[in-house]
Amino acid sequence: MRSRKLNFVSITFVVVLLCQSVHSQLQIGFYRNSCSLVELIVKDVVRDSFIRDHGVAAGLVKLHFSDCFVRGCDASVLIDSTPSNKAEKDSPANNHSLRGFAVIDNVKAKLEDICKGVVSCADIVAFAARDSVEITGGLGYDVPSGRRDGKISLASDTFTNLPTPSFNVDQLTQIFAKKGFTQEEMVTLSGAHTIGRSHCTSFSNRLYNFNGTKGQDPSLDFIYASWLKRLCPQGNTNPNLVVPMDPSSPGSTDTGYYVNVLANRGLFTSDQTLMTNTVTANQVNQSKRNPLLWRSKFAAAIVKMGQLDVLTGNVGEIRSNCRVINS
Ligand code: HEM
Ligand SMILES: *[C@@H]1O[C@H](CO)[C@@H](O)[C@H](O)[C@H]1NC(C)=O
Ligand SMILES: *[C@@H]1O[C@H](CO)[C@@H](O)[C@H](O)[C@H]1NC(C)=O
Ligand SMILES: *[C@@H]1O[C@H](CO)[C@@H](O)[C@H](O)[C@H]1NC(C)=O
């Protein structure tokens, strides 16, 4: 019974992947002839960086998400601001939270040495996110590639395209629908909050001044709230204070996120709100009870995310430095 279920899961997974590559102009193994070592090199650099700092894995997964939801997966999130342009990474939605840029720079430098001008920064981000999922215990997957890099990065684009941690389930469903995702895929992708950290500033309103009151969010488990308050004291002025998003296994791409949410220990309103709708609450419950199923759904959803509004063919460019547009 168990193995039949496993088979079903993996066959469904393969079919989903096949369907998706038909729809996309990206291809698995796009660099097979032009830079055959690319995926090995990315994996190598991600591994080395991970050994030095385990946090880069979560950083790289978030980077992929923050890239894809704003102007598509075009590495616009990597571009540095200039005196005349405030870029995405310096928007308040991103400026305190993103990490992993140095890993991408490192990969890019290595690739420019062996196959100059061939591999896009957008593909590097997608490969690095996959390797990060894998290295933290998630299911590995093939990454269709052939993305090209965009030439525009505007801080203002983040306001309408990125969800905020105060979103409710309807707002989340809507913003994901605008990007072509079902509500179920939204719930599946939210499981990424099983790794990494958050700054206190991203959720401290839930502890000290929830919804215009002076109190704490009543949907937050009391013991968990006390623990969070100790880590994020009221009136704290240190913008660098962080907490793990899944305290019991912060470095592991598992279903701990769903266990937390079911126990009223979702860190953000946007996490806990999944319990306020019967359909999404059932999905949370299902993902908790069936980790194998979540793992494969997550892999499929992140492959789909990686194809969002991609630039291909002759559109865009192959940046030689991921932080600046080619001149
Ligand atoms: C559903 C809507 C989402 C909201 C509102 C949201 C919001 C946030 C916020 C506020 C943080 C903490 C930032 C900080 O204070 O440092 C965070 C972290 C993170 N998010 Fe999300 N996120 C969402 C969906 C996603 C998706 C779809 C992914 C990836 C597939 C993702 C991956 C991550 C990861 C891995 C971290 C940890 C980053 C680190 O440790 O550096 N999130 N998210
Ligand atoms: C992020 O941007 C906001 C608004 O521009 C600014 O007030 C804040 O100091 C910035 N935070 C960091 C960590 O740079
Ligand atoms: C926030 O407060 C308003 C007005 O007091 C109330 O109607 C609303 O239900 C509250 N929202 C939440 C999420 O508690
Ligand atoms: C989760 O699903 C199980 C089995 O279907 C059910 O017994 C349980 O009540 C559900 N829990 C929640 C919180 O929905």
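FYI, side chains are in, hydrogens and waters are out, and symmetry mates aren't considered; it's all heavy atoms of this structure. Order of listing sets the numbers, starting from 1, for every ligand and every atom in it.
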Evaluate the criterion side-chain hydrogen bond (donor to acceptor under 3.5 Å, both in side chains) for residue pair T273 and N168; output intermediate values, then yes/no. CA-CA 6 Å; T273 188; N168 65 33; 5.4 Å; no
Which atoms of ligand 4 sit under 4.0 Å from any heavy atom of L262? 13 (C)
Side chain proximity check, I223 to R265, heavy atoms < 4.5 angstrom: yes
Whether K43 and E134 form a salt bridge (side-chain N of Lys/Arg under 4.0 Å from carboxylate O of Asp/Glu) is what I want to check. yes
Using a plain distance cutoff, I'd like to know if R289 has any nitrogen or oxygen under 3.5 Å from a nitrogen or oxygen of ligand 4. yes
Heavy-atom contact under 4.0 Å between K288 and ligand 4? no
Please find the pair of heavy atoms, one from R99 and one from G196, that lie closest to each other, and give the distance. NH2-CA, 4.4 Å
Please report the interatomic distance CG(L40) to SG(C35), rounded to the nearest 0.5 Å. 10.5 Å
Using a strict cut-off of under 4.0 Å between a residue heavy atom and any atom of ligand 2, list the qualifying protein residues by chain and number. K86, P92, N95
Would you mind checking if R47 and D131 are paired as a salt bridge, meaning a charged N to carboxylate O distance below 4.0 Å? no
Measure the shortest side-chain to side-chain distance between M245 and Y257 over non-hydrogen atoms and say whether it is less than 4.5 angstrom. no
Starting from the N and O atoms of ligand 1, find every protein N or O within less than 3.5 Å and list the pair with its distance.
{"unit_1": "ligand 1", "atom_1": "15 (O)", "unit_2": "S198", "atom_2": "OG", "d": "3.4"}
{"unit_1": "ligand 1", "atom_1": "15 (O)", "unit_2": "H199", "atom_2": "N", "d": "2.9"}
{"unit_1": "ligand 1", "atom_1": "15 (O)", "unit_2": "H199", "atom_2": "ND1", "d": "3.4"}
{"unit_1": "ligand 1", "atom_1": "15 (O)", "unit_2": "S202", "atom_2": "OG", "d": "2.6"}
{"unit_1": "ligand 1", "atom_1": "16 (O)", "unit_2": "H199", "atom_2": "N", "d": "3.4"}
{"unit_1": "ligand 1", "atom_1": "16 (O)", "unit_2": "H199", "atom_2": "ND1", "d": "2.7"}
{"unit_1": "ligand 1", "atom_1": "20 (N)", "unit_2": "H193", "atom_2": "NE2", "d": "3.0"}
{"unit_1": "ligand 1", "atom_1": "22 (N)", "unit_2": "H193", "atom_2": "NE2", "d": "2.9"}
{"unit_1": "ligand 1", "atom_1": "40 (O)", "unit_2": "R99", "atom_2": "NH2", "d": "2.8"}
{"unit_1": "ligand 1", "atom_1": "40 (O)", "unit_2": "R197", "atom_2": "N", "d": "2.9"}
{"unit_1": "ligand 1", "atom_1": "41 (O)", "unit_2": "R99", "atom_2": "NE", "d": "2.7"}
{"unit_1": "ligand 1", "atom_1": "41 (O)", "unit_2": "R99", "atom_2": "NH2", "d": "3.4"}
{"unit_1": "ligand 1", "atom_1": "42 (N)", "unit_2": "H193", "atom_2": "NE2", "d": "3.0"}
{"unit_1": "ligand 1", "atom_1": "43 (N)", "unit_2": "H193", "atom_2": "NE2", "d": "2.9"}

Heavy-atom distance under 4.5 Å between the side chains of L267 and L228, does that happen here? yes
Can you classify the ring geometry of F181 versus F176 as parallel (below 30°), tilted (30 to 60°) or perpendicular (above 60°)? perpendicular
From the list L63, L98, D67, side chain to side chain contact (heavy atoms under 4.5 Å, CB included) with L78 holds only for L63
Basic-acidic side-chain contact under 4.0 Å: K108, E112: yes
